[in-house]
Amino acid sequence: MQELRTSLVEALARATGLPAPQVDGMVGLPKNPAHGDLAFPCFALAKRDGKNPVELARALADDIALPDGFAAVEPTGPFLNFRFDRAAFITRTVQSVLEQGDRYGAGAPNDDVVVVDYSSPNIAKPFHIGHLRSTLIGWSLAKIFRFLGHPVVGINHLGDWGTQFGYVWVGCERWGRPADDDPDPILALVDRYVRATKLKEEDPSVEEAARDYFRRLEAGDADARAFWDYARTVSLDEFKAVYARLGVAFDHYTGEAFFNDKMDGVLADVEAAGVGEVSDGAWGVSLGDDLGFALLKKADGATLYLTRDLAAIDYRHRTFGFDRVLYVVGAPQSLHFKQLSALCEKLGKPYHDRIVHVPFGHVHGMSTRSGGAVPLVALLDEAHERALRALREEVTKRPEGLDEDAVAEQIGKSAIIFNDLSRGRIKDVHFDWDAALSFRGDTGPYLQYAHARINGIAARAEAELPDAVDGSRLPEDEAFQLAAQIGRFHDAVRKAAATYEPSAIAAYLLDLARQFSRANEVLRVKDAEAGIKEQRFALFVACRQTLANGLRLLGIEPIDRM
RNA sequence: GCGCCCAUAGCUCAGCUGGAUAGAGCAUCGGAUUUCUAAUCCGAAGGUCCCAGGUUCGAGUCCUGGUGGGCGUGCCA
């Protein structure tokens with residue numbers, strides 16, 4: 001696909017005298033696929049020459065030397081439409097997928113290190129649906145950049161430090177710690193946290209006690225530290241269970257606490273740069289009208305989130321030598337990251353312009369009846385239940401001997417993950433159980449279904465891959481459209497990386513699955529005559545491979561039967 | 001007040017760096033299964049792309065100004 005485009009751009013550049021990059025910007029896909037496979041609008045050229053674009057397109061069609069791989073050029077009004085040599089295109093595309101397998105669409109190894117900071121839940125707070133977006137988007141981006149050949153460092157910057165810990169501590173002091181045999185100790189800790197923060201409304205001493213606890217923790221007080229260790233371990237155990245269930249992983253769990261002993265260094269840095277100042281008893285850096293005052297040390301001496309992020313990025317730069325660091329954090333914190341960049345610039349840090357905030361919109365409407373956020377585990381369990389029910393009651397045909405429980409778990413997760421990653425990051429989402437856990441239409445299960453169907457063909461159609469792929473045996477339009485979509489995988493992956501948008505891949509995969517489903521109505525493998533049978537099978541296998549590669553980039557493990 | 005983000009079909013959303021008749025899914029209506037999985041496919045219906053100007057041969061897309069909503073705006077993270 002890419003080579004065809006490049007050679008067409010060169011040919012057009014020669015024929016028109018326009019610079020190739022400009023031509024490249026004009027060549028695009030025709031809106032209506034019936035028009036052709038690539039299109040060149042002649043307006044700009046017509047304007048330059050003071051000619052009629054319709055006549056110009058006609059003249060250009062006669063002039064241009066059709067590059068290899070193209071079968072036809074035809075002017076349609078002011079557009080010049082090009083058609084591929086379809087058979088050759090199918091042959092080339094299917095062949096390269098079969099040859100490259102899991103590496104189809106991948107990039108060459110390079111040295112641009114990408115650090116991805118994602119998930120980063122707060123300790124001693126429930127891991128709820130609100131944490132899902134950062135977790136899934138970050139994990140997907142990590143996989144995408146790794147696929148493109150980058151060394152990737154995935155970091156869970158746990159919120160395991162800060163005043164909120166004080167409230168958990170106060171709560172445990174008042175109402176006791178969860179019992180050792182408590183099956184869900186984190187729930188108990190959350191309960192203490194919620195009760196303590198509620199109590200603070202009427203009893204100001206609670207807030208004071210919480211702050212005092214955090215001060216002691218930062219100062220290295222042994223008792224405070226012991227409680228912190230306990231709460232962190234309990235929380236992390238549960239987080240790791242959720243990550244394991246989702247199939248999400250990290251290279252490091254260096255949370256905010258990890259940087260506690262690096263605070264002095266940061267503050268000294270700022271001091272040395274001579275940009276720090278005292279304001280209302282607190283200490284920080286003034287960043288001007290737009291970014292305001294960046295607080296780095298509270299009046300009571302305790303540090304803040306920003307201080308710890310400053311330490312973290314410096315540490316990451318020293319340790320990983322990153323080319324970029326991606327912060328997959330909600331849009332409400334965009335000011336925070338602008339401040340972080342500005343601070344780094346003021347401090348003369350070489351990485352100040354390599355900070356990328358990858359923001360995402362708010363999630364609304366995910367509260368339970370009781371007002372708390374829905375725990376992620378509850379969502380996963382519900383997804384599992386619904387998938388099981390759908391499998392047993394709604395699905396009309398299904399394979400024999402399925403491990404229904406295992407399939408339901410996979411389908412449920414696919415639905416949840418895809419639902420989140422299929423929309424653009426920045427928009428606020430209104431969480432809706434029925435939409436998130438729908439298994440029909442544009443959903444994760446739809447993609448899985450396409451993948452499983454091809455597996456079914458492989459298992460039952462008694463077809464084998466041909467010795468040589470031959471696209472001329474696949475003259476149907478559906479075959480070409482499917483191959484064309486397979487050939488666009490590169491573009492989708494690169495667009496996703498360039499825009500930090502996994503949804504680019506999600507949208508691509510929907511189109512791919514749709515093209516497959518259409519082709520699957522027409523191109524039967526089982527009863528096809530020898531010679532055609534193998535070619536159709538090869539096309540579908542290439543599709544399955546592409547689906548699998550794309551699904552994995554979203555963090556969804558393709559399933560073989562459903 | 002100031003700053004950032006969002007606004008496209010009844011609902012949820014796509015729309016490559018401006019290009020041809022604005023696309024999917026859900027919901028509604030109508031079809032398709034003796035044939036590799038109907039969690040599927042085909043069709044119908046559904047639109048002042050929030051409003052008003054501007055730039056351009058051409059604007060859902062870019063600019064300006066509004067309207068509506070969300071978020072942020074120093075001692076939380």
Side-chain angles (χ1 to χ4, degrees), chain A residues 24-26 28-32 35 39 41-44 46-47 53 76-79 81 120 122 125 159 161-164 211 256 279-284 289-300 302 304-306 308-309 329-336 338 359 361-362 364 387 390-391 394-399 411 419 422-424 426-430 432 434-435 438-443 445-446 448-450 452-463 491-492 495 499 503-504 506-507 510-511 513-514 517-518 520-522 524-528 537 540 561-562:
Chain A
D24 191 52
M26 292 193 277
L29 296 175
K31 230 166 215 151
N32 183 345
H35 282 144
C42 298
F43 302 102
K47 198 182 179 193
T76 310
F79 289 85
N81 290 318
S120 310
N122 287 327
K125 281 189 180 176
W161 207 245
T163 313
Q164 87 271 9
R211 285 170 183 278
E256 293 183 67
S279 169
D280 292 337
W283 191 78
D289 290 345
D290 287 349
L291 299 183
F293 190 74
L295 255 191
L296 294 173
K297 198 159 72 170
K298 298 195 252 181
D300 66 4
L304 291 105
Y305 181 45
L306 186 58
R308 295 189 282 273
D309 253 359
V329 179
Q333 291 191 49
S334 58
L335 179 61
H336 169 82
K338 282 179 188 165
H362 242 55
H364 302 282
L391 179 61
E394 293 173 33
V395 173
T396 52
K397 285 190 187 176
R398 57 179 178 228
I411 293 296
N419 176 253
S422 62
R423 59 191 78 221
I426 200 64
K427 294 205 179 175
D428 286 3
V429 300
H430 318 273
D432 178 64
D434 292 331
S438 164
F439 305 133
R440 291 173 185 273
D442 286 355
T443 64
Y446 177 69
Q448 294 284 23
Y449 180 72
R453 280 297 295 268
I454 300 175
N455 261 302
I457 293 170
R460 309 188 63 174
E462 291 160 0
D491 294 342
K495 182 185 170 193
T499 57
S503 66
L510 282 177
D511 282 339
R514 221 185 311 282
S517 296
R518 281 183 190 143
N520 189 40
E521 296 288 315
V522 184
R524 289 192 53 81
V525 174
K526 197 174 181 179
D527 321 313
F537 184 54
F540 286 149
R561 305 172 72 215
M562 65 184 275

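Only a predicted model underlies this, so the values are computations on that prediction, with no experimental measurement involved. The chains referred to below are lettered A, B, ... by the order of the sequence lines, with proteins before strands, and numbering in each begins at 1.
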Distance test, side-chain N/O of [X] to OP1/OP2 of [N], below 4.0 Å:
| X | N | result |
| --- | --- | --- |
| A/Lys47 | B/rU56 | no |
| A/Tyr446 | B/rC26 | no |
| A/Lys427 | B/rC6 | no |
| A/Thr396 | B/rA39 | yes |
| A/Arg524 | B/rU35 | no |
| A/Arg440 | B/rA38 | no |
| A/Arg453 | B/rC36 | no |
| A/Lys31 | B/rG15 | no |
| A/Lys495 | B/rC16 | no |
| A/Ser517 | B/rU40 | no |

TODO: Hey, could you give me the CZ/CG distance between A/Arg453 and A/Asn520, rounded to the nearest 0.5 Å?
DONE: 4.5 Å
Open item on the list: How long is the straight-line distance from CZ of A/Phe439 back to CG of A/Leu391, given to the nearest 0.5 Å?
Closed with: 10.0 Å
Whom does [N] pair with, Watson-Crick or G-U wobble, provided both distances fall under 3.5 Å?
| N | answer |
| --- | --- |
| B/rG53 | B/rC63 |
| B/rU12 | B/rA24 |
| B/rA38 | none |
| B/rC29 | B/rG43 |
| B/rC4 | B/rG70 |

Pairwise [atom1] distance, [M] and [N] [rounded to whole Å]:
| N | M | atom1 | value |
| --- | --- | --- | --- |
| B/rU67 | B/rC50 | C1' | 7 Å |
| B/rC11 | B/rG72 | C1' | 29 Å |
| B/rA45 | B/rU37 | C1' | 30 Å |
| B/rG58 | B/rA24 | C1' | 26 Å |
| B/rG66 | B/rC26 | C1' | 34 Å |
| B/rC41 | B/rU48 | C1' | 34 Å |
| B/rG69 | B/rU64 | P | 23 Å |

Task: A/Arg514 side chain near A/Asp442 side chain, heavy-atom distance below 4.5 Å - done: yes
TODO: May I ask you to test the A/Leu335-A/Leu291 pair for a side-chain heavy-atom distance under 4.5 Å?
DONE: yes
TODO: Counting heavy atoms from C-beta on, name the nucleotide in B/rU8, B/rC57, B/rC76 closest to the side chain of A/Lys298.
DONE: B/rC76
- [ ] For the pair A/Phe79 and A/Phe43, name the ring-plane relationship: parallel under 30°, tilted 30 to 60°, perpendicular over 60°.
- [x] perpendicular
Task: Side-chain donor/acceptor contact of A/Asn520 with base of B/rC36 under 3.5 Å - done: yes
- [ ] Ignoring hydrogens and angles, tell me if any N or O in the side chain of A/Asp428 forms a donor-acceptor pair with the backbone of A/His362 under 3.5 Å.
- [x] yes
